[in-house]
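Below, all heavy atoms of this structure are taken into account, side chains as well, without hydrogens, waters or symmetry copies.
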Amino acid sequence: MTESTVHERWLQRLRPHPRPVARMICFAHAGGSASSFATLARAVDGPLEVLAVQSPGRQDRRREPCLETVAELAAGALPAVLEHSALPIALFGHSLGAVVAFEVARLMETEGVAPRHLFASGRRAPSTVRAESVHQRPDAGILTELRLLGGPGVEMLDDPEIAAAFLPAIRSDYRAVETYRCEPGAQVRCPVTVLVGDRDPRVSRAEAEAWQTHTSGGFELREFPGGHFYLSERSVEVAAAVQRELVG
């Protein structure tokens, strides 16, 4: 297997375009996969290509061991992202994916390939820390958290066999995001748009606004009706916001 083939396993092309002018690369929430962004990709219009990261331990990579830190997830995805950087790139991350995308953006800038824009969805700023330990709960405790947050497909986890198949990756992702601590003063140079649901139990407005300290570029905060997974119901509005920034 060539190095390029290994890199390709990290990305799935959800919305190809014959003549794209920009690309958006998406990073999923805890337990999520590349297909978590299928609805958002369908809502996109115009010359924008949409790809999504497929981390080890899920779907077609389910037999690979999960990565358990944000640093590992960012470093793993970086080579594949750089291979698609001939066009302007925006990074879109939801929940855990927001901080992974932030760290990928920082790594890109050290490589001299700055992203055009960072969209941080459903996640408080990297510098805001809460004492959380969902990853240390028994399986039933993790399922309780998932039901609180809701989201597409959460009802499938009521099936014990399905839950057993998904819980290792979910626990691993919670461990990554709950043990993540960004470097003091960590910033990106690209503009940052923060998107949150106005009833998200895990992100306060002040925690969302704190993202402004992590960019030397422009900053915008956009609230949408909904909870942690507002994105499932507001994909058209979110797609429009992305397209406005990237393709006009």
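- Atom CG of Leu167 sits about 12.0 Å away from atom OG of Ser172, to the nearest 0.5 Å.
- The backbone N or O of Gln212 lies less than 3.5 Å from no partner atom in the side chain of Thr215, so there is not a single donor-acceptor pair.
- Clustering ILVMFWY residues whenever any of their side-chain heavy atoms sit less than 4.5 angstrom apart, transitively, puts Val238 in the very cluster that holds Phe37.
- A donor-acceptor distance shorter than 3.5 angstrom exists from the side chain of Thr69 to the backbone of Glu72, with no hydrogens or angles considered.
- The main-chain N or O of Glu178 is found under 3.5 Å from a side-chain atom of Arg181 such that the two form a donor-acceptor pair.
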Just distance, no hydrogens or angles: give the donor-acceptor pairs under 3.5 Å from side chains in residues 189-200, sequence neighbours left out.
{"from": "Thr193", "atom 1": "OG1", "to": "His117", "atom 2": "NE2", "distance (Å)": "2.7"}
{"from": "Asp198", "atom 1": "OD1", "to": "Gly226", "atom 2": "N", "distance (Å)": "3.1"}
{"from": "Asp200", "atom 1": "OD1", "to": "Arg202", "atom 2": "N", "distance (Å)": "2.8"}
{"from": "Asp200", "atom 1": "OD1", "to": "His228", "atom 2": "ND1", "distance (Å)": "3.2"}
{"from": "Asp200", "atom 1": "OD2", "to": "His228", "atom 2": "ND1", "distance (Å)": "2.9"}

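- Taking the ring centroids of Phe27 and His94, they lie at or beyond the 6.0 Å cut-off.
- For the atom pair Leu48 CG and His17 NE2, the distance stands at 9.0 Å (nearest 0.5 Å).
- Asp60 and Gln54 are linked by a side-chain donor-acceptor pair at a separation below 3.5 angstrom, with hydrogens and angles left out of the test.
- Ion pairing between Glu49 and Arg13 holds under the 4.0 Å rule for side-chain N and carboxylate O.
- Between the Ser235 side chain and the Ser232 main chain, no donor and acceptor come within less than 3.5 Å of each other.
- Looking only at distances, a side-chain donor or acceptor of Gln243 sits under 3.5 Å from a matching main-chain atom of Asp45.
- Across all their heavy atoms, Ile142 and Val134 have their closest contact at CG1-O, 3.5 Å.
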(message) The test is side chain to side chain contact (heavy atoms under 4.5 Å, CB included); show your working for Val44 and Val242 and say whether it passes.
(response) CA-CA 9 Å; Val44 168; Val242 168; 5.9 Å; no

(request) Go through Ser95 and Val177 one step at a time and tell me if the side chain to side chain contact (heavy atoms under 4.5 Å, CB included) criterion holds. (result) CA-CA 9 Å; Ser95 197; Val177 74; over 6 Å; no

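- Ion pairing of Arg244 with Glu220 is present here, as a side-chain N (NZ or NE/NH1/NH2) and a carboxylate O approach within less than 4.0 Å.
- Taking CD of Gln187 as the reference point, atom OG of Ser127 lies at 10.0 Å (rounded to 0.5 Å).
- A pairwise comparison of heavy atoms in Asp173 and Gly31 identifies OD2-N, 2.7 Å as the closest pair.
- Atom CZ of residue Phe166 and atom OG of residue Ser33 lie 7.5 Å apart, to the nearest 0.5 angstrom.
- Geometrically, Arg61 engages Trp10 in a cation-pi contact defined by less than 6.0 Å to the ring centre and at most 45° from the axis.
- For an aromatic pair to be called close, the ring centres must be under 6.0 Å apart, and His29 with Phe229 satisfies this.
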(request) Dump the intermediate steps for side chain to side chain contact (heavy atoms under 4.5 Å, CB included) on Val188 and His214, then the final yes or no. (result) CA-CA 6 Å; Val188 292; His214 293 283; 5.8 Å; no

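- Side-chain polar atoms of Glu103 and Tyr180 form a donor-acceptor pair below 3.5 angstrom.
- The pair Glu64-Arg58 does not count as a salt bridge, with every side-chain nitrogen at least 4.0 angstrom from each carboxylate oxygen.
- Under the 3.5 Å distance criterion, the side-chain polar atoms of Ser36 are left unmatched by any main-chain donor or acceptor of Gly32.
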(message) Test salt bridge (charged side-chain N to carboxylate O under 4.0 Å, His left out) on Arg130 and Glu207; report intermediate values, then the result.
(response) CA-CA 10 Å; Arg130 293 187 186 186; Glu207 290 171 329; 2.7 Å; yes

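- Taking CH2 from Trp211 and CZ from Arg123, the interatomic distance works out to 8.5 Å, rounded to the nearest 0.5 Å.
- In summary, Glu223 and Arg205 engage in a salt bridge, as defined by a charged side-chain N under 4.0 Å from a carboxylate O.
- Donor-acceptor pairing under 3.5 Å is lacking for the side chains of Ser133 and Tyr174.
- With hydrogens and angles disregarded, no donor-acceptor distance shorter than 3.5 Å links the side chain of Arg15 to the backbone of Leu51.
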(request) Starting from the C-alpha separation in whole Å, work towards a yes-or-no answer on side chain to side chain contact (heavy atoms under 4.5 Å, CB included) for Val50 and Leu40. (result) CA-CA 9 Å; Val50 181; Leu40 179 61; over 6 Å; no

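- If you check the side chains of Arg42 and Thr39, you find a donor sitting under 3.5 Å from an acceptor.
- Atom CG of Leu96 sits about 8.0 Å away from atom OG of Ser55, to the nearest 0.5 Å.
- A salt bridge links Arg124 with Glu132; the closest basic N to acidic carboxylate O contact falls under 4.0 Å.
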